[in-house]
Structures are given as structure tokens and as C-alpha cells.
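These notes are about the structure you will find just below.
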Amino acid sequence: MPELPEVEVSRLGILPYFDQQRIRAVHVYHRQLRWPVPETVSLLEGQQITQVRRRAKYLLLDSDVGTLILHLGMSGKLRVLPEGSPLVKHDHLEIITTQGHSLRLNDPRRFGAVLWQAPGEELKLLAQLGPEPLTEAFTDDHLFHLSRGKGAPVKTFIMDNHVVVGVGNIYANEALFMAGIDPRRAAGRISRQRYRVLTQAIRTVLARAIEQGGTTLKDFSRADGQPGYFRIELNVYGQGGKACPQCSRELKEIRLGQRSTVFCASCQR
DNA sequence: ATGTTGACCTGTAAGC
DNA sequence: TGCTTACAGGTCAACA
């Protein structure tokens with residue numbers, strides 16, 4: 001489920017229930033996620049959440065004694081329920097506030113992660129990340145310079161977390177369509193001008209999705225408030241074989257770096 | 001250094 | 001109906 005927009009909307013959803021709240025209990029029901037959930041996450045018990053942040057696709061709950069880090073992997077979902085609500089299959093973690101709100105992490109595939117970061121420490125995972133796509137640190141210059149000499153496909157390039165964070169498979173496909181760039185094209189052989197267009201496309205696609213999700217999000221603590229899969233119209237993702245929305249020619253579907261890739265061979269060059 | 005592939009794990013849909 | 005296969009929104013580690 002989660003690309004950056006979904007994670008950001010999840011952040012906005014849990015904010016009203018967890019920001020500045022005190023944590024009464026942390027329960028781990030399944031330690032074996034992407035990495036074993038460290039015992040240290042229980043340090044959060046008794047602490048106040050001072051900030052609910054997002055970095056890339058990681059959610060960070062700060063406290064004075066350390067930061068709890070959540071990643072949703074491929075299939076993770078967050079939900080806020082009244083304390084005591086029945087656990088369901090694949091609920092792996094629960095965090096309960098003194099107000100009785102329970103944050104549940106449900107992740108069938110268990111590619112997600114729950115980590116702990118001590119004050120002053122920065123996990124290598126976070127330290128090596130590229131710029132946030134919706135900040136000024138993300139520029140066409142950045143993409144242009146980093147890409148010089150790279151022969152890998154531009155789609156693979158923009159999905160690399162060291163280059164820019166938060167561009168997953170759906171939005172990589174969509175942004176490249178919007179920018180009119182063939183996803184197979186070598187990253188190092190794309191002009192500065194075209195990176196300018198691509199940078200803007202990535203920004204637009206992500207911002208629009210967050211806006212959509214934010215609009216759909218009524219109350220995160222109720223079933224119908226779940227952000228889930230946004231109903232943002234997708235031009236190419238999942239549309240292989242159908243007509244290009246621009247020129248009506250058939251959209252091609254291929255695999256790049258073992259990810260499904262859809263594009264219009266006519267509109268994208 | 002760079003690019004590609006495998007690995008982690010479950011659920012679902014399609015094909016036989 | 002069942003069994004088998006392919007694929008799914010991520011990303012790190014291990015290779016060539």
C-alpha cells in the first residue's frame with residue numbers, strides 16, 4: 001500500500017490522537033518483521049510524544065528518551081482504535097495512549113519495520129537518504145549532477161532512496177509519463193532541461209496524491225477514515241494494454257528492475 | 001563504483 | 001474444486 005503520500009496521510013491521521021500524548025503501553029505481538037523489533041521500543045512507555053514526523057516513508061514518534069520509527073513496507077497499515085478493540089490477524093504492534101487511543105500496525109507481508117533510535121543517534125538507514133521531494137533541497141540540478149555517468153534506467157534512478165526519497169513504483173510511472181520521458185532511458189543521458197520537467201512532475205504527482213488522501217481522510221480512528229488506496233486517477237500505472245490518455249496508442253507494460261513499468265512509447269522518449 | 005538479482009512474507013487472482 | 005504460478009504499493013544485502 002504505502003507510497004509517500006499514503007505515509008504522509010497516515011501521519012496526518014494519527015497526529016490528533018498521538019501528538020503531545022502520553023504513552024501508557026507498547027505491545028509487540030510479532031517481533032519478526034523486516035528486522036527483529038528491538039526490545040528498546042518499550043522505552044516509549046510512560047513517555048510523552050513530542051513530535052510526529054515523517055522522513056521518506058518512515059514515520060517517527062519522538063520522545064525525550066528516543067524515537068520510535070515505523071515503516072509500512074509493502075502491505076503495512078496503521079489504524080487508530082479505542083483501546084481494547086479486538087486484535088485482528090497480522091496486528092504486530094500496538095501503542096496505547098493514556099487517553100485510551102490505540103495505534104495498531106497491521107502488516108500481512110511483514111516487510112515493514114519497527115525500530116528505535118536513541119537521542120543523538122541517527123540510524124544508518126535514515127542517514128543515507130536523499131532529499132525529500134517536496135522540499136527545496138530537491139532540484140533539477142541535484143538529479144542532473146547525480147545522474148551523470150549513470151547507465152541505469154531513469155526510472156530505477158528516481159526510485160533509489162539515495163537519490164530522492166519517496167518515489168515508489170506507482171508515482172515513478174506516473175511522473176515519467178507526465179514528464180514525457182521513456183522510463184528505460186539511461187539516467188546519465190538526460191538533459192538538465194528534461195530533469196527540470198521531471199522534478200516538477202514528481203512534485204506535482206506526489207503533492208496531488210497527498211491532497212487527495214487528505215481530502216478523503218475524515219477520521220483516522222474509524223474504518224471509513226482509512227486512507228487506503230487513493231482514488232487519484234492514474235494515467236499509466238495498472239493501465240498496460242489500454243489506450244494512452246494522450247495519444248490513444250496502446251500503453252506498453254514491461255519490467256524494469258523487477259518492477260512493472262507502464263509507459264507510452266509514443267509520448268515518452 | 002555501478003548495475004542486477006535475490007531475499008524477506010502473505011494474500012489474491014489467474015491458469016490449468 | 002483444487003493445485004500451481006505469478007504478482008503485489010519496498011528496499012537492503014549480496015553478487016558480477
Side-chain angles (χ1 to χ4, degrees), chain A residues 1-11 29-37 54-59 69-78 88-93 105-115 123-130 132-133 143 145-177 183-190 202 205-206 208-210 212-213 216 226-241 253-262:
Chain A
M1 155 204 166
E3 292 224 22
L4 183 141
E6 286 85 344
V7 178
E8 176 61 16
V9 171
S10 294
R11 188 184 75 81
Y29 301 113
H30 197 130
R31 292 213 106 80
Q32 219 49 54
L33 302 186
R34 169 123 208 225
W35 297 285
V37 177
R54 179 187 59 75
R55 173 74 173 107
K57 294 174 186 166
Y58 297 93
L59 270 183
I69 300 175
L70 301 175
H71 193 287
L72 302 181
M74 287 276 252
S75 56
K77 289 184 175 107
L78 291 173
V88 297
K89 197 173 181 184
H90 304 305
D91 276 348
H92 306 315
L93 178 82
L105 169 66
N106 184 282
D107 183 8
R109 291 179 75 180
R110 283 186 270 129
F111 288 173
V114 178
L115 301 168
L123 298 185
K124 190 178 293 178
L125 233 49
L126 298 181
Q128 297 181 333
L129 295 173
E132 288 288 329
L143 287 186
H145 288 303
L146 255 189
S147 63
R148 291 310 89 182
K150 297 245 156 80
V154 60
K155 175 161 179 268
T156 310
F157 177 68
I158 60 171
M159 288 180 70
D160 182 345
N161 272 333
H162 308 294
V163 174
V164 55
V165 303
V167 182
N169 198 35
I170 293 180
Y171 298 117
N173 278 297
E174 295 297 318
L176 286 163
F177 176 76
R184 299 167 297 184
R185 180 172 288 276
R189 302 227 240 96
I190 290 174
I202 290 172
V205 161
L206 291 177
R208 189 177 293 169
I210 291 174
Q212 274 288 326
T216 331
Q226 256 261 303
Y229 211 170
F230 298 163
R231 273 207 236 124
I232 163 180
E233 339 104 42
L234 301 173
N235 282 309
V236 288
Y237 183 81
Q239 309 295 309
E253 178 150 7
I254 60 169
R255 309 219 117 230
L256 270 188
Q258 37 195 184
R259 309 306 298 276
S260 85
T261 302
V262 188

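Lettering of chains follows the sequences in order, A, B, ..., and the numbering in each one begins at 1. For the numbers below, each heavy atom of this structure counts, side chains included, while hydrogens, waters and symmetry mates do not.
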OP1 or OP2 of B:dC9 less than 4.0 angstrom from a side-chain nitrogen or oxygen of A:H30, does that happen here? no

Just to verify, which of A:N106, A:V114, A:L78, A:D107 counts as forming a side-chain contact (heavy atoms from CB on, under 4.5 Å) with A:L93? A:V114

For DNA chain B, stems built from three or more consecutive Watson-Crick or G-U wobble pairs below 3.5 Å: B:2-8 with C:10-16, B:10-16 with C:2-8

Rounded off to whole Å, could you give me the NZ-to-P distance for the A:K77 and B:dT10 pair? 16 Å

Give me the distance, rounded to whole Å, that separates C:dT11 from B:dA1 when you measure between the P atoms they each carry. 24 Å

For A:P2 against A:G76, the heavy-atom pair lying closest together: CG-O, 4.0 Å

Tell me whether the side-chain N/O atoms of A:S75 come closer than 4.0 Å to OP1 or OP2 in C:dG9. no

Given the C1' atoms of B:dG11 and C:dC12, what is the spacing between them in whole Å? 23 Å

Would you mind telling me which of C:dA8, B:dG3, B:dC9 lies closest to the side-chain atoms of A:Y237? C:dA8

When rounded to the nearest Å, what value does the distance between C1' atoms of B:dG3 and C:dG9 take? 23 Å

Which atom names give the shortest non-hydrogen contact between A:L59 and A:R54, and what distance separates them? CD2-CB, 4.4 Å

Length of the line joining A:L256:CG and C:dG9:P, which is rounded to integer Å: 13 Å

How is A:S260 classified with respect to the nucleic acid when contacts are heavy atoms under 4.0 Å: base, sugar-phosphate, or nothing? sugar-phosphate

Is the phosphate of B:dG11 approached by A:K89 (side-chain N or O, under 4.0 Å from OP1 or OP2)? yes

The answer to which of A:R110 and A:G149 contacts DNA chain B further toward the 5' end, by nearest nucleotide, is A:G149

Rounding to a whole Å, what distance do you find between A:H90:NE2 and B:dT12:C1'? 12 Å

Partner set under side chain to side chain contact (heavy atoms under 4.5 Å, CB included) for A:V236, not counting sequence neighbours: A:N173, A:E174, A:F177, A:L251, A:V262

Below 4.5 Å, heavy atoms only, C-beta onward: do A:W35 and A:L125 meet side chain to side chain? yes

Output the rounded distance in Å from CZ (A:R255) to P (C:dG9). 8 Å

When you check every protein heavy atom under 4.0 Å of nucleotides 10-16 of chain C, what one-letter string (B, S, -) results, 5' to 3'? BBB----

Minimum heavy-atom separation for A:S260 to A:N169, with atom names? O-ND2, 3.1 Å

Whole-Å distance separating the CG atom of A:L72 from the C1' atom of C:dA8: 15 Å

Starting at NZ of A:K155 and ending at C1' of C:dG9, how long is that distance when rounded to a whole Å? 11 Å

So A:G112, base contact, sugar-phosphate only, or nothing? Heavy-atom distance under 4.0 Å. nothing

What's the separation between atom CE in A:M159 and atom CG in A:L256, rounded to the nearest 0.5 Å? 9.5 Å

Any heavy-atom pair between the side chains of A:L72 and A:L105 that's under 4.5 Å? yes

How many Å lie between OH on A:Y171 and C1' on C:dG9, as a whole number? 9 Å

So, taking the atom named CZ in A:R11 and the one named CD1 in A:I210, what distance separates them when rounded to the nearest 0.5 Å? 9.5 Å

For A:E253 and C:dA6, what is the distance between atoms CD and P respectively, to the nearest whole Å? 16 Å

Main-chain N/O of A:T261 paired with A:E253 side-chain donor or acceptor, under 3.5 Å: no

